[in-house]
Asks: 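Please read through the structure below; I'll follow up with questions.
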Amino acid sequence: MANKAFFTFDRQSIQQWLPAYTASSHLPSAPLSLLVSDEEMAEVYLPLSQLLYLQLSQTRSSQHMWENFFQHPWPNIPYLIGITGSSASGKSSFAQVLKELFHRFPEQPRVEIVSTDSFLLPNRILHERGILEKKGFPESYDWKRFLQFMLDMKTGADEVEIPVYSHLLYDLVPDQAQSIAAPDILLIEGVNLLHPQTTLSATPIQSLFDLLIYLDAEPEHLFHWFMKRFQEFRNLARNAPQSYYYDLAQLPDEEALSIAEQAWQEINLPNLQTYIYPQRHRAKLIIKKGANHQVEKIYWRTW
């Protein structure tokens, strides 16, 4: 990615970024060591949080400018950050780390996390349409509902309810909802946030984000992480008959892993190659990961 469209930073240059804020005494509630190593936190994530703080501050400064110009209070609109990338690229963990780091900002903002899995069509509908094996592909989402959710957030809705998705059930959870109540920062993670199919009206969904982040990694790393997560789901399901993975948990390891590898080769890898990876240039920030999820480089789009 050696072009003028992106600034490129390696780990050493990231560590030289000057502090943009002084961390508050409010400590994260979650043990971040379970999500990222102390070394990774010091060398990558803390400097990255400085960059994101500057970006957020710039947006808030612009809002204050317009408040002064119009002599009218600006509505409480959350700062929307999209986090995208392949299945198993670490989007959920990345979002959780950012949430805890944002709590260290001087303003101690309220932060919520939403997954686009909540906007997947139910398995029943996917089955009726013959696309259950394409779950995660652009056509498997209720984009109209997602667009309405984004518009609600951008127009300062006090509270919005969205469906709840369970990875263990491999489906939406009936009669359950996640309530999003006017956060200061909203992190939205999902695999196909950048695909053009998410443009359903005169307002492209991508334009509603304040910042879009793409987590990049080589396919061999993604495959390894996918298989590792599959095993974790199997272990959790061994004594949970209601889980989608229960039957897989009863199979011999070799047979179960063969099924998972087939799913990667026939579903997740084609989704990555056809829909996800080709759109990475749309992101403002690209984070390149190596083995063990270690960040190797960061690309910041200049326009």
Asks: Please check this pair: side chain of Asn123 against backbone of Tyr170, looking for a donor-acceptor N/O pair closer than 3.5 Å.
Replies: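 Yes, because the side chain of Asn123 sits within donor-acceptor range (under 3.5 Å) of the backbone of Tyr170.
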
Asks: Run Asn235 and Gln231 through side chain to side chain donor-acceptor pair (under 3.5 Å) and show every step you take.
Replies: CA-CA 6 Å; Asn235 291 335; Gln231 281 289 66; 5.8 Å; no

Asks: Using the rule side chain to side chain contact (heavy atoms under 4.5 Å, CB included), only one of Leu187, Leu56, Asp184 pairs with Phe102; which is it?
Replies: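 Output: one option passes, namely Leu187.
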
Asks: For Lys297, look at atom NZ and say whether over 12 heavy atoms of other residues, nucleotides or ligands are found less than 6.0 Å away.
Replies: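 Count not over threshold, so no.
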
Asks: If only atom types and distance count, is the side chain of Ser140 paired as donor or acceptor with the main-chain N or O of Phe137 below 3.5 Å?
Replies: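 Yes, because the side chain of Ser140 sits within donor-acceptor range (under 3.5 Å) of the backbone of Phe137.
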
Asks: Return each pair, listed once, that meets salt bridge (Lys or Arg N to Asp or Glu O under 4.0 Å) where at least one residue sits in residues 245-267; pairs must be two or more places apart or across chains.
Replies: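 Checked against salt bridge (Lys or Arg N to Asp or Glu O under 4.0 Å) - neighbours excluded - the pairs reaching residues 245-267 are Arg234-Asp253.
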
Asks: Any heavy-atom pair between the side chains of Trp264 and Phe230 that's under 4.5 Å?
Replies: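 No; the side chains remain at least 4.5 Å from each other.
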
Asks: Given side-chain contact (heavy atoms from CB on, under 4.5 Å), test His293 with Phe94 step by step and report yes or no.
Replies: CA-CA 10 Å; His293 288 278; Phe94 183 81; over 6 Å; no

Asks: Salt bridge check, Asp210 against Lys284: does any charged N sit closer than 4.0 Å to a carboxylate O?
Replies: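 Salt bridge flag = no for Asp210 with Lys284.
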
Asks: May I have the list of side-chain donor-acceptor pairs in residues 157-168 shorter than 3.5 Å, sequence neighbours left out?
Replies:
from	atom 1	to	atom 2	distance (Å)
Glu159	OE2	Ser179	OG	2.3
Tyr165	OH	Lys135	NZ	3.3
Ser166	OG	Leu168	N	3.3
Ser166	OG	Leu169	N	3.0
His167	NE2	Asp117	OD2	3.2

Asks: Less than 6.0 angstrom from the centroid, inside 45 degrees of the normal: does Arg229 satisfy that with respect to the ring of Trp225?
Replies: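 Arg229 over Trp225 ring: no.
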
Asks: Please determine whether the number of non-hydrogen atoms from other residues, nucleotides or ligands lying under 6.0 Å from atom CG of Asn239 exceeds 12.
Replies: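 Open.
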
Asks: Check Gln250 against Arg238 and note the closest heavy-atom contact, atom names and distance.
Replies: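 Reported closest heavy-atom pair: NE2-O, 3.4 Å.
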
Asks: How about Lys134 and Glu139: do any of their side-chain heavy atoms sit closer than 4.5 Å?
Replies: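 Result yes, sub-4.5 Å side-chain heavy-atom pair found.
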
Asks: Less than 4.5 Å apart, any side-chain heavy atom of Gln96 and any of Val36?
Replies: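 Side-chain contact under 4.5 Å: no.
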
Asks: Side-chain heavy atoms nearer than 4.5 Å, only ILVMFWY residues, links allowed to pass through others: does that put Leu132 and Phe119 together?
Replies: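 Per the 4.5 Å side-chain linkage, Leu132 and Phe119 are not co-clustered.
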
Asks: If you define the side chain from C-beta out and look only at heavy atoms, does anything of Phe105 sit under 4.5 Å from Val111?
Replies: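 Heavy-atom side-chain distance check fails, nothing below 4.5 Å.
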
Asks: Go through Asn271 and Asn192 one step at a time and tell me if the side-chain contact (heavy atoms from CB on, under 4.5 Å) criterion holds.
Replies: CA-CA 9 Å; Asn271 193 16; Asn192 267 306; 3.4 Å; yes

Asks: Are Leu151 and Leu80 connected, step by step, through hydrophobic side chains (Ile, Leu, Val, Met, Phe, Trp, Tyr) whose heavy atoms are closer than 4.5 Å?
Replies: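 Yes.
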
Asks: Taking the side chain as C-beta and beyond, is there a heavy-atom pair between Leu236 and Tyr245 under 4.5 Å?
Replies: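 Heavy-atom side-chain distance check fails, nothing below 4.5 Å.
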
Asks: Going by the salt bridge (Lys or Arg N to Asp or Glu O under 4.0 Å) test, which pairs reach into residues 65-81, not counting sequence neighbours?
Replies: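 Applying salt bridge (Lys or Arg N to Asp or Glu O under 4.0 Å) to every pair that reaches into residues 65-81, excluding sequence neighbours, yields nothing.
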
Asks: In terms of relative ring orientation, are His195 and Tyr275 parallel, tilted or perpendicular, with 30° and 60° separating the classes?
Replies: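 Judged by the thresholds at 30° and 60°, the geometry between His195 and Tyr275 is perpendicular.
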
Asks: Linking I/L/V/M/F/W/Y whenever their side-chain heavy atoms sit closer than 4.5 Å, directly or via other members, would Tyr277 and Tyr299 fall into one cluster?
Replies: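 Yes; Tyr299 is reachable from Tyr277 via cluster members.
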
Asks: Decide side-chain contact (heavy atoms from CB on, under 4.5 Å) for Leu208 and Met153; before the verdict, give the C-alpha distance in whole Å, the side-chain angles of both, and the deciding distance to 0.1 Å.
Replies: CA-CA 9 Å; Leu208 299 175; Met153 290 293 98; over 6 Å; no

Asks: Do Phe7 and Leu51 belong to the same hydrophobic cluster, where Ile, Leu, Val, Met, Phe, Trp and Tyr are linked whenever their side-chain heavy atoms lie under 4.5 Å apart, directly or via other members?
Replies: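 They do share one cluster, since a chain of ILVMFWY contacts under 4.5 Å joins Phe7 to Leu51.
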
Asks: Among Leu269, Ile267, Asn268, Ile276, exactly one meets side chain to side chain contact (heavy atoms under 4.5 Å, CB included) together with Ser87. Which residue is that?
Replies: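 The side chain to side chain contact (heavy atoms under 4.5 Å, CB included) with Ser87 is passed solely by Asn268 among Leu269, Ile267, Asn268, Ile276.
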
Asks: Are Leu126 and Val191 connected into the same hydrophobic cluster when the rule is that any two of I, L, V, M, F, W, Y join if their side-chain heavy atoms are below 4.5 Å apart?
Replies: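 No; Leu126 is not reachable from Val191 via cluster members.
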
Asks: Going by heavy atoms in the side chains, are Ile287 and Val44 under 4.5 Å from each other?
Replies: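 With C-beta onward as the side chain, the pair stays apart.
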
Asks: Would you mind reporting whether Val97 and Met41 have side-chain heavy atoms less than 4.5 Å apart?
Replies: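 Sidechains of Val97 and Met41: in contact.
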
Asks: Is the closest side-chain heavy-atom distance between Tyr214 and Arg282 below 4.5 Å?
Replies: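 No, every pair of side-chain atoms sits at 4.5 Å or beyond.
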
